[in-house]
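Here is the structure we will look at, set down as structure tokens.
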Amino acid sequence: MLELAIRNMLNDFLGRGAFLDEEGNEVAAASCKKASDCADAGYCVAAGDAATCSANKVCVCTRSHFHQALDESIIPAVNKEPGFFEIDANDAGLSALYTEPFWSSEVGVSLYRDSKTTPGFITLAASAVVVVICFFVTVIVKVSMKKQKLY
């Protein structure tokens with residue numbers, strides 16, 4: 001419920017001011033009572049978004065993709081500052097607790113190209129060749145050490 005309320009609040013805040021039709025002309029915001037009333041609001045099409053009904057009964061563009069990133073068993077602590085949580089006493093313990101870290105703005109994104117399976121097979125074959133070479137070198141060294149009576 002909290003997640004839905006925060007997402008709708010962010011949609012209301014971020015979705016205002018984007019009331020442009022397909023030609024880029026500014027239009028008045030449509031009023032609504034439910035999300036389906038905003039299906040024909042064409043001013044979000046220019047931004048590539050869909051329209052949804054906000055708590056202010058105005059169709060706004062969907063701009064937020066909020067999720068709480070906490071396990072269902074971790075709940076906000078009652079009568080404490082924001083950021084304090086407790087384990088739900090009614091949790092059945094069916095799964096491990098999880099949470100996502102709060103990333104700073106300095107964290108970047110690294111993209112890696114999908115290289116298919118060919119490099120894996122090449123690495124496996126090269127490793128097998130190295131193992132065989134090391135085995136034969138070990139046998140040759142052992143035989144030469146036996147001849148010199150060092151082994």
Side-chain angles (χ1 to χ4, degrees), residues 1-139 141:
M1 187 69 165
L2 175 64
E3 180 179 335
L4 185 63
I6 292 174
R7 182 178 59 89
N8 288 337
M9 181 184 68
L10 288 172
N11 274 335
D12 183 42
F13 179 73
L14 297 172
R16 285 188 250 150
F19 305 132
L20 302 175
D21 62 8
E22 294 177 5
E23 289 83 33
N25 301 322
E26 193 168 333
V27 294
S31 61
C32 61
K33 292 184 181 177
K34 55 187 178 211
S36 60
D37 295 342
C38 299
D40 59 347
Y43 47 78
C44 292
V45 176
D49 298 326
T52 188
C53 190
S54 72
N56 294 332
K57 307 292 185 211
V58 175
C59 293
V60 295
C61 302
T62 57
R63 296 284 169 85
S64 71
H65 302 283
F66 176 81
H67 72 282
Q68 188 148 344
L70 291 175
D71 190 90
E72 297 171 348
S73 300
I74 301 174
I75 57 174
V78 179
N79 297 328
K80 289 200 175 183
E81 298 173 14
F84 286 89
F85 299 93
E86 297 174 344
I87 307 295
D88 188 5
N90 298 323
D91 179 37
L94 299 176
S95 66
L97 293 176
Y98 71 90
T99 182
E100 294 178 18
F102 296 106
W103 295 101
S104 70
S105 61
E106 288 86 33
V107 175
V109 176
S110 298
L111 298 176
Y112 300 97
R113 292 176 44 185
D114 184 13
S115 58
K116 308 293 182 213
T117 58
T118 305
F121 288 125
I122 291 171
T123 304
L124 181 64
S127 300
V129 169
V130 169
V131 166
V132 169
I133 290 172
C134 289
F135 175 77
F136 283 117
V137 168
T138 304
V139 169
V141 169

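Keep in mind it's a predicted model, so treat the numbers as computed, not measured. By convention here, the first residue in the shown sequence is residue 1.
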Using residues 75-87 as the side-chain source, report each donor-acceptor pair under 3.5 Å to any protein atom, sequence neighbours left out, with the distance given to one decimal.
none

Pairs under 3.5 angstrom only: tabulate donor-acceptor contacts from the side chains of residues 121-131 to other protein residues two or more places apart or in another chain.
residue, atom, partner, partner atom, Å
Thr123, OG1, Pro119, O, 2.8
Ser127, OG, Thr123, O, 2.8

N/O donor-acceptor pairs under 3.5 Å from side chains in residues 27-37, not counting sequence neighbours:
residue, atom, partner, partner atom, Å
Asp37, OD2, Lys33, N, 2.9
Asp37, OD2, Lys34, N, 3.2

Original post:
Of Val132, Thr138, Val139, which is the lone residue that meets side-chain contact (heavy atoms from CB on, under 4.5 Å) with Phe135?
Top reply: Val139

Original post:
For Cys38 and Cys59, what are the C-alpha separation, side-chain angles and deciding distance, and is it a disulfide (SG to SG under 2.5 Å)?
Top reply: CA-CA 6 Å; Cys38 299; Cys59 293; 2.1 Å; yes

Subject >> Side chain to side chain, Val60 and Thr52, heavy atoms closer than 4.5 Å >> reply: yes

